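What follows is a single structure, written as C-alpha cells, with notes after it.
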Amino acid sequence: MSPSVPLQEMIRAIRSARTQCEERGVIQRECAAIRAQFRQSDNGGRSHNLAKLLYVHMLGYPAHFGQMECVRMIASPRYSEKRVGYLGAMMLLDEKQDASLLITNSIKNDLSHSNQYVQSLALCTLACMGSAEMCRDLAPEIDRLLRASNSYIKKKAALCAVHIVRKVNDLGELFAPAARALLSEKNHGVLHGAVVLITELCERNPETLERFRKTVPDLVQIMKGLVISGYSPEHDVAGISDPFLQVRILRLLRILGRNNEAASDAMNDLLAQVATNTDSTKTVGNAVLYETVLTVLDIKSESGLRVLAVNILGRFLLNNDRNIRYIAMISLQKIVGTDHNAVQRHRGTIVDCLKDQDASVKRRALDLSLALVSASNIRSMMKELLIFLSSCPPELRAQAASGIFNAAERYAPSQRWHIDTILHVLTTAGGDVRDETVPNLIQLITNASELHCYTVHKLYRALLTDITQQSLVQVACWCIGEYGDLLLRGECQETEPVQVTEDDVLDALETVLQSHMSSPTTRGFALTATMKLSTRITDNVDRIRSIVSIYGSCIDVELQQRAVEYNALFKKYDHMRAAVLERMPVIEKNSPGHTNGESAVETLKEIPPAKVKQGESLLPPQPTNQVCDLLGLLGGPEETLQPSPALSSSAPGLPVNTGGTAGGDLLDLLGELEPTPVAPAPAMSVYEKDGVTLTLSCEKQSDSGLTVTLTASNTADSDISSFTLQAAVPKSVQLHMKAPSGDSLPAQGAAKVTQIVILNNPNKVNLKMRVRVSYTRQGAAIQDTVQIDSFPGL
Amino acid sequence: MRFLLLFSRQGKLRLQKWFKTYTDREKKKVIRDMTMLVLARPPRSCNFLQWRDLKIVYKRYASLYFCAGLEAQDNELLSLEVLHRYVELLDRYFGNVCELDIIFNFEKAYFILDEFLMGGEVMETSKAAVVVSMEEADTLQETMEEYMSKPAY
C-alpha cells in the first residue's frame, strides 16, 4: 500500500498522466489508499484524504464511499476537519442519500456553536442540501438565529430560511414576522437577505403578499437612499451603489405592485427617478435599468412612466452591446401583445437584428418579427423574412418556415401573393416544412381557380430547375396532373407564355419518377399525375400507357399497386377513364386538425359507402361506389351527386373529396353491417313526388335515443338508380346513419330501399329532420329536399 | 440560480455548484450539454442562451468559462455582474488568480463561493466583507491546527 501523498502532489500526479488509462490507474491507487485510511480511525491526515476524494469526484469518478467519512468529519471538534467535512457533505450528500439524515444532529449542534464560522458552515450546508425533514426539524433554530445574532449570521440565516421555505411551503408563516423586522437593519448583506426572503414568501402565499404590501414605503425609502446617496466605497460597482440590492428591491416592488393601484402609485416617483438617473454606460447600470423597466411594465404604472420604459428598451435596441440588444428583444416580446403600437415603432431596428451574426440575437429577432407582422406591413415584413430564411441557421429554419406560413395565412393581401410566398418558402427551405404543408397548399391552389394557369406554369418551371425539394415536387406533380391541359395551352395572362409540349411534360414527370432523390410518396404523386394526363393530352396516351405498365412490376408495393390498377383502368374500364380522372372539385377546408369526429353541428351527413375503401387504391368494380375518405372530410353540399363520381387518387395525408360525396368517417366502417329489419312502428309518408315515395317510422330506444327507418319505393314506370339519402338535424341532436339496403329502385315498386337513422336527443329539443333525396332516372340526376317536423310515435 | 459551473477550454470541469437537487445522471447531462453549447459559441457573441427552460449566462475569463443556469425571473445582466464579482473575489484572495490556482486549491474556491452565494442568491454584496470573512476563517483554521500541533495542508 503506497503512502498517501498530500493533496497537491496527487493533483500533480493525475494531471501528468498522459492517457486516460494512466489517469484511471493513478486514481484507482489513490482511492484504494484513501479507503484504507478511512477505515483507520483518528488519523491526522483525515482532511487531506477527504479533500483528495472530492477532487477525484469532481473529475467524474465515483466517490460514494466517502459519505460516511463526511459524517464523521462533520462531527469532529476541529474546524479544518469540519470545513472539509461540510464541503464533502455538500458535494457528495444530497437529500436522496440516506446518510444525509445522519448529519442533522451535527448541524443542529453546530448551529448553536460559539464560533460564528462554525455556525456559518452549518447554515451553508443546510441551505445547500437540506431535505424537507431536516428543514422541518431545524426551522425553529433558524428563526431564533434570524432574530438574535450578529449580522454575519443573520444574513446567512435569512438565505437559509429561503431554502427552507422553498422546500416546505408551510413554514413560510414562521419566518414572516422575523423577515419584517429585518427590513430595518442597516447592514446591506442582511437587508439583501431579508428582501430575498420576503420575495420568496410573497410569491408563495397571497395572504403574506397582502400583509407585506405595507412595507412598500420602507422599501421605497431604502431604494431612494441607495440611488441618491454619495459614493460608498464598500458597495460601489462602477458608480452604482449596491446594484445587487437595488435589483432585488425592484423585483420585490414588482411583486407587491402587481394588480394593486395603491402600491403602484407609491412607487411611481421612485421608478421614474431610477429610470432617469441611472448611468447606462456600463452593464451594471443597464442591469438596474432592465429591472426597472420590467417592474414598470408589470405594475399598474401611469402611462408616462410606461412610455419612458418602452423608450429605454428602444435605446437598448440601438446599443452596440449584443447582450443589451438581446435583453431588449426579450422584454419587447413580453409586451408585444399589450403595447403593440409602441413596439411597432421599433420594427426597423428589430428587422435589422435579423441580420446579426449572433445566433441568440437572431432567434429573438425572429420571434419578435413574427409577432409584429400585421395586415399593414405584411408585404415588407415578408420580404425581410424570406431573405432571412435563405440565410438563417439550420436550427431556426423550421420555426421560421412555419412562422411565415402562419403570417401568410392570416394576412395575405391576395391569393396570388399567398401562393407565391409558399412556393418561395418551399424552394428555399422545402426540407424543413411541416407535413401538412403539401395538402394545405394543394387546397389553397384549388381554391384559387383563376390562378390555376399561373400556378401550374410556375410550378412546372420550378420542377424543371430542381427536383430535390420533396414538398415542392409533390405539389408540382399534383398540379401538373390536374391542370396539365392549361399548361399545354401555352398562354397565360400572368406570366410570359412558354411553349410546353406534351413530351416535355411527360419527360419532367418521368424524371421525377426515375430520380434517386424522389421519396416513395413523391413517386406516387408523379405516377398518378402521369395517369391523369392521359385524359388531358391527346397524342401521347400510348407513352403514358407504357410508363404505367412498366411500374406494374416495380419493387415498391405502393407504386406497383397503383400501376396495376391504372393499367386495369386502361384495359378493362377505359370507358370510365374520363370520368374517373376528371378535374377535382374545390376542397372544403376543415379545421386544421382534419379530425374525424362526428360533429354535432348541423351538417349533411353522408351515407356511408356500401363498399369502404381503405388505403389509396382507386378502382371500383361498380360505378356507384364511393371512396371512403380516410380523413373524414364531409362533402360539400354544392356538388351534385354524380352517377359515377370522380374518383381521385389520394396520397397519404391528402384530403380527398370525391365529387361531393365523401364517405363517412372511419367510425362508419361499421356501416358495412346489414341494416336491421324495419321496426314495426307506425309508418308515415313524408315525401311523394314523381313516383318516389318515402315513408318514415320511428321507435324509441331509450330516454333520448330514437331509431328512425326511412323506406323508399318507386311507383313510376322507369327505373331509378344511385338513390341516396342525406339527413340533417338540429345542432344538439346526434345523428348516425346506417348503410342503406341498396341504391336502386326498380319500376313499379318491385323492390324497396331501407335506410336506418339513429338519433340521440340528450337535450330533448324539438326534433326536426331535413332529408335530401337524390337519384338518377333515365340519365337525369334529380335532387329534392323534404323537411320532417313531426315524428310518428313520439 | 440553479447551478454554477467552471470549465476549461478543453471542457474539463474545475468547479461545480448545484443550488437545486439534481440526480447524478442529470448533473452529468447538464455538464455535458453546457460544455458543448458554450464551447461552440464564436468569440464575440452574446453571453446569453436558452437551454430547455433555463437561461444560461456564460463569460470567459482567460482560459476558464464561467457558466450559470438561471431561472425565468432572474436578471441576466445582473448575473453577469455576479460572475464578475466572483472572479474579483478569487483574484483578491489568490493574488492574480489563474486556472492553476483554482485547480490546486479547489476547496478554497468553494469556500469563497460559499461566502458570496448561498442557495443560488447573493449573500454578501460587499467585496470587502467577503474578503474579511475568508481571512478570519483561514486564521481560525490555522490556529486550530497549531493548537492541535498538526500541519495544515
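Just so it is clear, the model here is predicted, and its values are computed rather than measured. Naming: A, B, ... by sequence-line order, numbering from 1 per chain.
- From Arg12(A), atom CZ reaches atom CZ of Phe104(B) across 4.5 Å, with rounding to the nearest 0.5 Å.
- Nearest heavy-atom pair, Cys128(A) versus Lys17(B), reported as atom, atom and distance to 0.1 Å: SG-NZ, 4.2 Å.
- Note that CD of Gln16(B) and NE2 of His57(A) are 5.0 Å apart. Values are rounded to the nearest 0.5 Å.
- With a threshold of 4.5 angstrom between heavy atoms, Lys362(A) does not approach chain B through any atom at all.
- Annotation: maximal heavy-atom pairing with chain B below 4.5 Å, among Asp236(A), Leu245(A), Val237(A), Val284(A), occurs at Val284(A).
- At a threshold of 4.0 Å, the pair Asp114(B)-Lys156(A) does not count as salt-bridged, since none of the basic side-chain nitrogens sits closer than that to a carboxylate oxygen.
- Electrostatic pairing of Glu121(B) and Arg251(A) does not count as a salt bridge here, judged by no charged N lying under 4.0 Å from a carboxylate O.
- Here Met118(B) is the residue among Gln50(B), Met118(B), His84(B) with the most heavy-atom pairs under 4.5 Å with chain A.
- The greatest number of non-hydrogen atom pairs below 4.5 Å with chain B, out of Pro243(A), Ser360(A), Ala158(A), is found for Ser360(A).
- Considering all non-hydrogen atoms of both residues, Ala359(A) and Arg41(B) come closest at CB-NH1, 4.5 Å.
- Side-chain atoms of Arg363(A) never come within 3.5 Å of backbone atoms of Leu49(B) as a donor-acceptor pair (strictly under, hydrogens ignored).
- Between Gln141(B) and Ser80(A), the shortest heavy-atom distance links the atoms CG-CB, 3.6 Å.
- Only the side chain of Asp242(A) has a heavy atom closer than 4.5 Å to any heavy atom of chain B.
- Residue contact with chain B, scored on non-hydrogen atoms closer than 4.5 Å, involves the backbone and the side chain of Tyr55(A) alike.
- Looking at Phe106(B), the atoms closer than 4.5 Å to chain A (heavy atoms on both sides) all sit in the side chain, from C-beta outward.
- Within the 4.5 angstrom heavy-atom criterion, only side-chain atoms of Asn115(A), from C-beta onward, approach chain B.
- Distance check: Leu87(A) CG to Phe111(B) CZ gives 5.0 Å after rounding to the nearest 0.5 Å.
- The side-chain heavy atoms of Leu100(B) and Arg15(A), taken from C-beta on, include a pair separated by under 4.5 Å.
- The distance from atom OG1 of Thr125(B) to atom CG of Asn187(A), rounded to the nearest 0.5 Å, is 7.5 Å.
- Top candidate by heavy-atom pairs under 4.5 Å with chain A, chosen from Thr21(B), Leu13(B), Leu15(B), is Thr21(B).
- For Gln116(A), the part sitting under 4.5 Å from any heavy atom of chain B is the side chain, from C-beta outward, and nothing else.
- In this structure, the separation between CG on Leu140(B) and OH on Tyr117(A) is 8.5 Å, given to the nearest 0.5 Å.
- Residue Met129(A): no heavy atom, backbone or side chain, is found under 4.5 Å from chain B.
- With a 4.5 Å cut-off on non-hydrogen atoms, Arg248(A) touches chain B through its side chain but not through its backbone.
- Among the candidates Lys12(B), Lys127(B), Arg85(B), the residue making the largest number of heavy-atom pairs closer than 4.5 Å to chain A is Arg85(B).
- Both the backbone and the side chain of Arg14(B) come within contact range of chain A, judged by heavy atoms closer than 4.5 Å.
- Looking at Arg166(A), the atoms closer than 4.5 Å to chain B (heavy atoms on both sides) all sit in the side chain, from C-beta outward.
- Summarising the geometry of Tyr110(B) relative to Met58(A), their closest heavy-atom pair is OH-SD, 3.7 Å, with the distance given to 0.1 Å.
- Of all the listed residues (Glu291(A), Arg325(A), His163(A)), the one sharing the greatest number of non-hydrogen pairs under 4.5 Å with chain B is Glu291(A).
- Contacts of Leu54(A) with chain B are made by both backbone and side-chain atoms, with heavy-atom separations under 4.5 Å.
- There is no contact between Val118(A) and chain B, counting heavy-atom distances below 4.5 Å.
- Ring geometry for Phe116(B) versus Phe244(A): interplanar angle over 60°, hence perpendicular rather than tilted (30 to 60°).
- Within the 4.5 angstrom heavy-atom criterion, only side-chain atoms of Lys28(B), from C-beta onward, approach chain A.
- When the candidates Leu123(A), Ile327(A), Val361(A) are compared by the number of heavy-atom contacts under 4.5 Å with chain B, Ile327(A) comes out ahead.
- Without hydrogens or angle criteria, His192(A) side chain to Val122(B) main chain gives a donor-acceptor distance under 3.5 Å.
- Contacts of residues 64-79 of chain B with chain A at a heavy-atom distance below 4.5 Å involve Gln73(B), Asp74(B), Asn75(B), Glu76(B), Leu77(B), Leu78(B), listed in sequence order.
- For chain A, no part of Ile56(B) is nearby; none of its heavy atoms comes within less than 4.5 Å.
- Only the side chain of Leu80(B) comes within contact range of chain A, judged by heavy atoms closer than 4.5 Å.
- The number of heavy atoms from other shown groups lying within 6.0 Å of CD (Glu136(B)) is above 12.
- Both the backbone and the side chain of Ile103(B) come within contact range of chain A, with heavy atoms under 4.5 Å apart.
- Applying side-chain contact (heavy atoms from CB on, under 4.5 Å) to Glu107(B) and the options Leu7(A), Val84(A), Leu50(A) leaves one that passes, Leu7(A).
- Around the NZ atom of Lys282(A), the shell of radius 6.0 Å holds no more than 12 heavy atoms that belong to other residues, nucleotides or ligands.
- Between chain B and the options Cys124(A), Ala127(A), Pro233(A), heavy-atom pairs under 4.5 Å are most frequent for Cys124(A).
- Within the 4.5 angstrom heavy-atom criterion, only side-chain atoms of Ile324(A), from C-beta onward, approach chain B.
- Neither the backbone nor the side chain of Leu121(A) comes within contact range of chain B; no heavy atom of the residue lies under 4.5 Å from a heavy atom of that chain.
- No part of Val162(A) comes within reach of chain B, as not one of its non-hydrogen atoms sits under 4.5 angstrom from that chain.
- Residue Arg92(B) qualifies as open at atom CZ: its count of foreign heavy atoms under 6.0 Å is 12 or below.
- When all heavy atoms of Arg322(A) and Ser45(B) are compared, the pair lying nearest together is NH1-CA, 4.1 Å.
- Only the side chain of Asp94(A) comes within contact range of chain B, with at least one heavy atom under 4.5 Å from a heavy atom of that chain.
- For the pair Ser126(B) and His235(A), the tightest heavy-atom approach, listed with the atom from each and the gap, is CB-CE1, 3.7 Å.
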